[in-house]
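FYI, side chains are in, hydrogens and waters are out, and symmetry mates aren't considered; it's all heavy atoms of this structure.
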Amino acid sequence: MPQSFANVAIHIVFSTKDRIGYLDDSVRDKMHAYLASSARKLGCFCFEVGGTADHVHIAVSLPRTLTISKMVEEIKVGSSAWIKKEEPSLFGFSWQRGYAAISFDPTNPAPVVRYIEGQIEHHRQVSFTDEYKAILEQAGIEYDPRYMFD
């Protein structure tokens, strides 16, 4: 076959280091826009970006030439540097080292998009730690709770 094709949709979740609530109302929308822009610059189609003060969800379609780990690394490094420059008071900002990446149906992104759009309301009732565990369990991912966060 002379051509390569891919249609891989990924829901990525990661938190701020130590789940510190850096992304308050004053910077959250700007950070989400930056994350979406970063994903697009890497060749991803960005379905949605959302989250709360201490974590983000990014739903993207991954191009065939990019690995998940490279995409997440590029997005984290770039956004961390950007927020420190944009908001000097956030000089201590950083992302946690790890992330979750769960595939979803690229022909039906609506459930994932709705879930990400509803993050603020969702977290009035559910902690990020509980949400993260539920996401991993629903995806059948085994984890050791001692090493989930840094």
Quiz item: Does Val112 belong to the same Ile/Leu/Val/Met/Phe/Trp/Tyr cluster as Val8, with side-chain heavy atoms less than 4.5 Å apart forming each link?
Solution: no
Quiz item: Taking the six-membered ring of Phe128, is the NZ or CZ of Arg19 close enough (under 6.0 Å from the centre) and on axis enough (within 45°)?
Solution: no
Self-check item: Non-hydrogen side-chain atoms of Tyr22 and Ser94 separated by less than 4.5 Å
Solution: no
Quiz item: If every non-hydrogen atom of Ala6 is compared with every non-hydrogen atom of Arg64, which pair is closest and at what distance?
Solution: CB-CB, 3.6 Å
Quiz item: Going from OH on Tyr99 to CD1 on Ile58, what distance comes out if it is rounded to the nearest 0.5 angstrom?
Solution: 11.5 Å
Self-check item: Side-chain heavy-atom pair Met71, Ile12 within 4.5 angstrom cut-off
Solution: yes
Quiz prompt | Member of Tyr115, Phe14, Phe47 meeting the ring-ring contact (aromatic ring centres under 6.0 Å, His included) criterion with His57 | solution = Tyr115
Quiz item: If you draw a 6.0 Å radius around NZ in Lys30, do more than 12 non-hydrogen atoms from other residues or ligands fall strictly inside?
Solution: yes
Quiz item: Hey, does Ile83 have a side-chain heavy atom less than 4.5 Å from the side chain of Met31?
Solution: yes
Quiz item: Do His55 and Gln119 pass the side chain to side chain donor-acceptor pair (under 3.5 Å) test, and can you show the C-alpha distance, the side-chain angles, and the key distance before you say yes or no?
Solution: CA-CA 10 Å; His55 73 282; Gln119 281 294 292; 3.0 Å; yes
Quiz item: Within the side chain of Ser37, is there an N or O that forms a donor-acceptor pair under 3.5 Å with the backbone of Ala33?
Solution: no
Self-check item: Pairwise distance NE2(His32) to CG(Leu23) - rounded to 0.5 angstrom
Solution: 6.0 Å
Quiz item: Step by step, would you call Leu42 with Lys70 a side chain to side chain contact (heavy atoms under 4.5 Å, CB included)?
Solution: CA-CA 10 Å; Leu42 292 169; Lys70 185 63 173 173; over 6 Å; no
Practice problem: Look up atom CZ in Arg40 and atom CG in Leu35, then write down how far apart they are to the nearest 0.5 Å. | Solution: 10.5 Å
Quiz prompt | Sidechain-backbone polar pair: Asp144 side chain, Arg146 backbone, donor-acceptor under 3.5 Å | solution = yes
Exercise. Measure across His123 and Thr52 and return the closest heavy-atom pair with its distance rounded to 0.1 Å.
Key: CD2-CG2, 3.6 Å
Quiz prompt | Salt-bridge criterion met for Glu117 and Arg114 (N-O under 4.0 Å) | solution = no
Self-check item: Heavy-atom pair with the smallest gap, counting every atom of Pro109 and Pro106
Solution: CD-O, 3.6 Å
Quiz prompt | Spatial distance of atom CG (Leu62) from atom OG (Ser103) [nearest 0.5 Å] | solution = 11.5 Å
Quiz item: Should Val72 and Val60 be counted in the same cluster of Ile, Leu, Val, Met, Phe, Trp and Tyr side chains packed under 4.5 Å apart?
Solution: yes
Exercise. State yes or no: are the ring centers of Phe149 and Tyr132 separated by less than 6.0 Å?
Key: yes
Exercise. Identify the heavy atoms of Ile116 and Ala59 that sit nearest to each other, and give their distance.
Key: CD1-CB, 3.7 Å
Quiz item: Does some side-chain heavy atom of Val56 sit less than 4.5 Å from a side-chain heavy atom of Trp95?
Solution: yes
Quiz item: Taking C-beta and beyond as the side chain, do Met148 and Lys133 meet within less than 4.5 Å on heavy atoms?
Solution: yes
Practice problem: Taking the side chain as every heavy atom from C-beta outward, state whether Pro63 and Cys44 have any pair of such atoms under 4.5 Å apart. | Solution: yes
Exercise. Supply the atom-to-atom distance Ile75 CD1 to Trp82 CH2, rounded to the nearest 0.5 angstrom.
Key: 13.5 Å
Quiz item: Going only through I, L, V, M, F, W and Y residues with side-chain contacts under 4.5 Å, is there a path from Val113 to Phe45?
Solution: yes
Quiz prompt | Value rounded to 0.5 Å, distance of CD1 in Ile102 from CG in Leu136 | solution = 6.0 Å
